[in-house]
2 protein chains.
Amino acid sequence: MITNQKLRKQVKDEFMNYLTLNKHRKTPERFAILDHIYSTKGHFDMDSLYNSMIDANFRVSRATLYNTIQLLLDSGLVVRHQFGDNTAKYERTFGNENHAHLICTSCGQVWETKNSNIFTPSQQKKIKNFSINHYNMYIYGLCSKCNHTNKLHVKKLERENELKLDIDKKEKIDIIEPLI
Amino acid sequence: MITNQKLRKQVKDEFMNYLTLNKHRKTPERFAILDHIYSTKGHFDMDSLYNSMIDANFRVSRATLYNTIQLLLDSGLVVRHQFGDNTAKYERTFGNENHAHLICTSCGQVWETKNSNIFTPSQQKKIKNFSINHYNMYIYGLCSKCNHTNKLHVKKLERENELKLDIDKKEKIDIIEPLI
DNA sequence: GTTACTGCAAACGATTTGCAAGTGG
DNA sequence: CCACTTGCAAATCGTTTGCAGTAAC
């Protein structure tokens, strides 16, 4: 288990290399943003990053945040997600387990799977003419709470409409039954 | 092999059911939009959908397109993607092979894999307390063209900087070597 | 010193919303 | 004929950009 202190040093070195190689300047803002991102786990958006940096008494403009996040994406230290809404979410690349995202289409909450080895090396070999850097997997469905509510809702609607769902619809609903 | 004619009828019936069940009105705009989407394959965004409907001599407002696409998402007939940029892309759910998306982080082009059975039933069982409706897989990396350009670029930068990449960086670059 | 970077505010563009007119049930 | 839906235009909101001042190199 790598310590957070060590990880922060490693990614700083990595970023330093990236900036040197690509002839970008090493400003305090850039390292502060990287370090800030790597001092917490989980997802964040630009607004929460901005607020959390201000709260930590580090004055930085939104323009600089957007500028820097692009460098972090390019250097592979941060990944970008976009779930249901139109606000981009970001996540540090290292120090997180390999995981897929579970997005509830009803309440919008996002969960993560633990240690999902969905993408094995043998499967990677199948993909020709493309060199993989990283991947994101988004699984849409209903969380247990919404699934429960939804089933009651569908039943209610069926009754109200005195209408039976056709075969296609039935198959679809079968798919979204809870998996033990 | 299902004919496109038959598929269009099926999804229309499905949409009809959805609208009935949820007490939404069956307007000509809604069915025209669905049918328009299911008469072509591939990705589209709201702007291209709007223009292509106008070209097909069907006057519809953007407000109605956004309204209707939400119903189509809710009914599961259309899926939404958001790749690198901040424009949502959409895709019809049925009549497409099960595929993952390959996104080149350099040129931004998007490819699809054919018949990728990445997500097997046994893997689905691992996910507890979540009922899966559908999933999207986004694989980021470099297409063969950009990968070639990038390797030359990195070599050039290394020479210019008289700098060897450290171990971490080396490992990372290994990952993005072409896979046969 | 030169040039890239920062911060600010204004611009941008995709999406959403308010409201009057239209139409499905 | 009621109220949901459409179309239009204005509003919204995340993100990008232009520009003047600042700092990395």
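Everything quoted here is computed from the prediction, not taken from an experiment. Note on naming: letters A, B, ... go to the chains in the order of the sequence lines (proteins, then strands), and numbering restarts at 1 for each one.
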Task: Separation of dT17(C) C1' from Asn86(A) CG (nearest whole Å) - done: 14 Å
Open item on the list: Taking the six-membered ring of Phe31(B) as reference, does the cationic atom of Lys12(B) (NZ for Lys, CZ for Arg) lie under 6.0 Å from its centre and within 45° of its axis?
Closed with: yes
Open item on the list: Can you measure Tyr50(B) atom OH to dT15(C) atom C1' for me and round it to whole angstrom units?
Closed with: 15 Å
- [ ] Kindly indicate whether the side chain of Arg25(A) and the base of dC5(C) share any N or O donor-acceptor pair separated by less than 3.5 Å?
- [x] no
Task: Between dC13(D) (P) and Arg62(A) (CZ): distance, integer Å - done: 13 Å
Task: Whole-Å gap separating C1' (dT5(D)) and NZ (Lys23(B)) - done: 17 Å
Task: Under 4.0 angstrom between Asn67(B) side-chain N/O and dT6(D) OP1 or OP2 - done: yes
Task: Rounded distance (Å) that lies between atom P of dC5(C) and atom CD of Gln70(A) - done: 13 Å
TODO: Would you kindly give the CD-to-C1' distance between Glu29(A) and dC5(C), to the nearest whole Å?
DONE: 8 Å
TODO: Measure from CG on Asn22(B) to P on dC4(D) and round the result to the nearest Å.
DONE: 14 Å
Open item on the list: Taking atom NZ as the centre, does Lys9(A) end up with more than 12 heavy-atom neighbours from other residues, nucleotides or ligands that are less than 6.0 angstrom away?
Closed with: no
TODO: Indicate whether OP1 or OP2 belonging to dT6(C) is found under 4.0 Å from a side-chain N or O atom of Arg30(A).
DONE: yes
TODO: Compute both the distance and the angle, then confirm whether Arg8(B) meets the cation-pi test with Tyr38(B): under 6.0 Å from the six-membered ring centre, within 45 degrees of the axis.
DONE: no
TODO: Could you check Ala63(B) against Thr87(B) and say which one's nearest nucleotide on DNA chain C is further toward the 5' end?
DONE: Thr87(B)
TODO: Mind calculating the distance between CG (Asp85(A)) and C1' (dT12(D)) to the nearest angstrom?
DONE: 15 Å
Open item on the list: Is the phosphate of dC8(D) approached by Arg59(B) (side-chain N or O, under 4.0 Å from OP1 or OP2)?
Closed with: yes
- [ ] By nearest nucleotide on DNA chain C, pick out whichever of Leu65(A) and Asp45(B) is the more 5' one.
- [x] Leu65(A)
TODO: Report yes if at least one side-chain N or O of His24(B) is closer than 4.0 Å to OP1 or OP2 of dC4(D); otherwise report no.
DONE: no
Open item on the list: From C-beta outward on Tyr66(B), which listed nucleotide comes closest to its side chain: dC8(D), dT16(C), dG25(C)?
Closed with: dT16(C)
Task: Side chain of Thr64(A) - closest among dT6(C), dA4(C), dT15(D) - done: dT6(C)
Task: Heavy-atom side-chain proximity of His81(B) to His43(B) below 4.5 angstrom - done: yes
Task: Residue pair Asp45(B) / Ser48(B), side-chain donor-acceptor N/O under 3.5 Å - done: yes
TODO: Using a cut-off of strictly less than 4.0 Å, decide whether Thr27(A) has a side-chain nitrogen or oxygen near OP1 or OP2 of dT6(C).
DONE: yes
